[in-house]
Amino acid sequence: MPRYSITTFGCQMNVHDSERMHDVLRCAGYTEAGSADEADVLVLNTCSVREKAEQKLRSEVGRLARWKRERADRVLVVAGCVAQQEGERLLKQMRAIDVVVGPDNIPELPGLLGDLAIGGLPIARTVFDLDAPRFLVASPPSSSPRAAPTAFVTVMKGCDERCSFCIVPHTRGPERYRPSDEIVAEIAALVAAGTREVTLLGQTVNSYRDPLGALPRAPGASADDPDESEFAALLRRVAADVPGLARLRYTSPHPRHLTPSLVLAHAELAVLPRHVHMPVQSGSDRVLRRMIRRYTRAEYVARTRALVEAVPGLTLSTDIIVGFPGETEDDFAATLSLVREVGFKGLFGFKYSRRPHTPALKLPDDVPEGVKGVRLARLFEESEALLAAHLSALVGTTQEVLVEGRDKERGHGGAGGALWSGRTGRHEIAHIDGAGELDLLGEVVDVSITRANKHSLQAELTEAARAAARPRQRGLEARPGRRSLPVVAAEGG
Ligand code: SAM
């Protein structure tokens, strides 16, 4: 049986696409190789949101040319956003590549590999499925008794925004939505198999509309509001139809669609955790306008404030770009003041990078690289201080943690033996000490917070949680969450 290996660059959407490539290849008779060296087929699932990510692909392909030369029948596949962006050009530029496959063409991958195996020429397939959008579904757990505690479920793909810095509309195409019946069925199947938390995925996830018109209007939704969508109605349907789901998250929303109906859903649905990632990009109205974000700073503040008032204790995190063309010291100061005003408890910050096919290419990239670096460092300083104060304030409190795995498996390298870790309802990472003899995987447990680390919390089970926990049994491990795939550069968004 041919063996494959997948390396993932980029965002959660790419992680999810890689999971589906695993499914598609396994169904076609391929088995996963222990390492790239053992693989017959190597897939690089790429990101092109920032230039650096694209450069990583190019250096990786350069490195793999040697891997290919070692055996004539080895196949190198480039998938994801760079594949979509460059198409055939990649085949011409980098002779080591055999197959280029866009995000919408993943189901065709085994066929393309088959053609190659019988002497076909290198090929690029990068066609959007505009007429009949396909949403690949996770294959049900088979060989192991438990599903991973957390899973992603796609609700929409593509993007109809035209943010001037962003390549996504070009690499992912226009918005296409998945019927709510299908979404609910996938979540119900995951929960039946043991998944506790689902993250709904989409480029602007909260612009969701049911393509079959199967959702009733959500409470608080206004027919006259152009920013209204059916996302709140979808959340309500999932909450009602899948009562066993412990947590329902979503990423990435757009502030425009943070409408009263979504705020009300947060206030009323216990399954929605008290944390939302809401990309803002800048705190300066001048820059927001040039970024074509279609909201003002005041609108962002008012909308997020309504959310926090409706759900006491809810925290917000965000994405920010520094050094966008024309960004002055005053514009950047406005961004810092917004970070303080909203009090973000997490932040992904990026230096602006010019991307092909984006409207901002018409603007000069006039903020020097050094200035971008200084601003980014200043931004992180501000956000780290906010996070440190927040985490310290939690010491001594009791929090509910969904246990996602053992620290070592999750790459945290917890001190001493089997240390469990998971996330609180507000998405803080919590490491649980002294519970190695217990089986906590997938459990929602009460913990006392004992210490604040730089980016996480240290915790202990409460007496009641310890008394209720199961002892650990050998052989009952979860099917490896696909989040343990090699992710080269996972970033927010
Ligand atoms: N849905 C998100 C939104 O509302 O904007 C976009 C997700 S994007 C894949 C992840 C993040 O990458 C963006 O939020 C933005 O901060 C950053 N980003 C996108 N294009 C960029 C560029 N040209 N330069 C620097 N950062 C960029």
Side-chain angles (χ1 to χ4, degrees), residues 8-17 45-55 80-82 84-85 103 154-173 175 199-208 227 229 231 250-258 276-283 287-288 290-295 299-300 303-304 316-327 335 338-339 344 346-365 367 369 372-373 375-376 379-380 383 489-493:
T8 309
F9 300 81
C11 67
Q12 281 144 333
M13 197 69 83
N14 272 14
V15 175
H16 186 262
D17 283 350
N45 193 11
T46 62
C47 169
S48 63
V49 165
R50 284 166 293 278
E51 199 182 359
K52 228 186 206 163
E54 200 180 320
Q55 280 164 356
C81 291
V82 181
Q84 188 68 42
Q85 177 192 308
T154 306
V155 304
M156 55 90 67
K157 56 183 175 179
C159 182
D160 287 350
E161 295 293 324
R162 287 295 174 269
C163 302
S164 59
F165 53 81
C166 191
I167 197 172
V168 166
H170 181 79
T171 55
R172 296 278 172 165
E175 291 183 12
T199 302
L200 304 180
L201 272 187
Q203 297 292 349
T204 55
V205 69
N206 57 342
S207 69
Y208 176 82
D227 292 343
S229 70
F231 189 61
Y250 54 85
T251 200
S252 241
H254 190 287
R256 239 167 33 84
H257 302 291
L258 178 51
V276 172
H277 183 77
M278 188 62 70
V280 67
Q281 314 300 357
S282 171
V287 175
L288 286 174
R290 287 156 70 90
M291 286 179 163
I292 322 186
R293 286 294 287 179
R294 302 210 280 164
Y295 53 80
E299 282 164 346
Y300 182 92
R303 287 176 175 212
T304 50
L316 292 159
S317 56
T318 200
D319 291 350
I320 287 179
I321 297 175
V322 298
F324 186 74
E327 185 188 68
T335 296
L338 179 79
V339 169
F344 294 112
L347 188 154
F348 291 99
F350 309 101
K351 292 192 232 172
Y352 169 71
S353 115
R354 278 162 72 81
R355 303 311 298 128
H357 313 288
T358 57
L361 276 183
K362 295 196 194 93
L363 305 170
D365 188 9
V367 179
E369 205 47 33
K372 286 181 188 169
R375 289 183 188 169
L376 194 62
L379 183 67
F380 287 142
S383 76
E491 285 165 345

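This one's a predicted model, so the numbers in the text were calculated from it and none came from an experiment. Atoms within a ligand are numbered from 1 in the order they appear, just like the ligands themselves. Quick note: numbers below take in every heavy atom, side chains included, and nothing from hydrogens, waters or symmetry partners.
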So which atom in Tyr352 and which in Ala360 form the shortest heavy-atom distance, rounded to 0.1 Å? OH-CB, 3.5 Å
Under 4.0 Å from a heavy atom of Ser252: which atoms of ligand 1 are those, numbered in the order shown and with their elements? 1 (N), 2 (C)
Considering distance alone, does some N or O of Arg50 sit under 3.5 Å from an N or O of ligand 1? yes
In ligand 1, which numbered atoms sit nearer than 4.0 Å to a non-hydrogen atom of Val49? 9 (C), 12 (O), 18 (N), 19 (C), 20 (N), 21 (C), 22 (C), 23 (N)
State whether the side chain of Thr318 and the backbone N or O of Val280 hold a donor-acceptor pair below 3.5 Å, judged by distance alone. yes
For ligand 1, which atoms, with element, lie under 4.0 Å from some heavy atom of Arg355? 23 (N)
Heavy atom under 4.0 Å from ligand 1: found in Phe350's side chain, backbone, both, or neither? side chain
Non-hydrogen atom of Glu161 closer than 4.0 Å to ligand 1: no
Contact atoms of ligand 1, heavy-atom distance to Gln203 under 4.0 Å: 1 (N)
Short side-chain to backbone donor-acceptor contact, Arg293 and Gln281, under 3.5 Å: no
Give a yes or no on whether the backbone of Val82 and the side-chain of Thr46 come within a donor-acceptor separation of less than 3.5 Å. yes
So if I apply the side-chain hydrogen bond (donor to acceptor under 3.5 Å, both in side chains) rule between Thr204 and each of Arg256, His257, Glu175, Glu161, which one comes out positive? Glu175
Just heavy atoms, cut-off under 4.0 Å: does Gln281 contact ligand 1 by side chain, backbone, both, or neither? side chain
Is Ile321 touching ligand 1 with its side chain, its backbone, both, or neither, if touching means heavy atoms under 4.0 Å apart? side chain
Would you check whether Cys11 reaches within less than 4.0 Å of ligand 1, judged by its heavy atoms? no
Classify the ring geometry between His277 and Phe348 as parallel (under 30°), tilted (30 to 60°) or perpendicular (over 60°). perpendicular
Under 4.0 Å between heavy atoms, the region of Gln12 that gets near ligand 1 turns out to be neither
Beyond-backbone contact of Phe231 with Leu200, side-chain heavy atoms, under 4.5 angstrom: yes
Taking distance alone, with no angle check, do Cys166 and ligand 1 share an N/O pair under 3.5 Å? no
Looking only at heavy atoms, what is the nearest atom pair of Val322 and Arg375, with distance? CB-CB, 4.1 Å
Side chains of Glu369 and Lys351: closer than 4.5 Å at any heavy-atom pair? yes
To which of Met278, Arg293, Arg256 does the heavy atom nearest atom 3 (C) of ligand 1 belong? Arg293
Considering distance alone, does some N or O of Asp319 sit under 3.5 Å from an N or O of ligand 1? yes
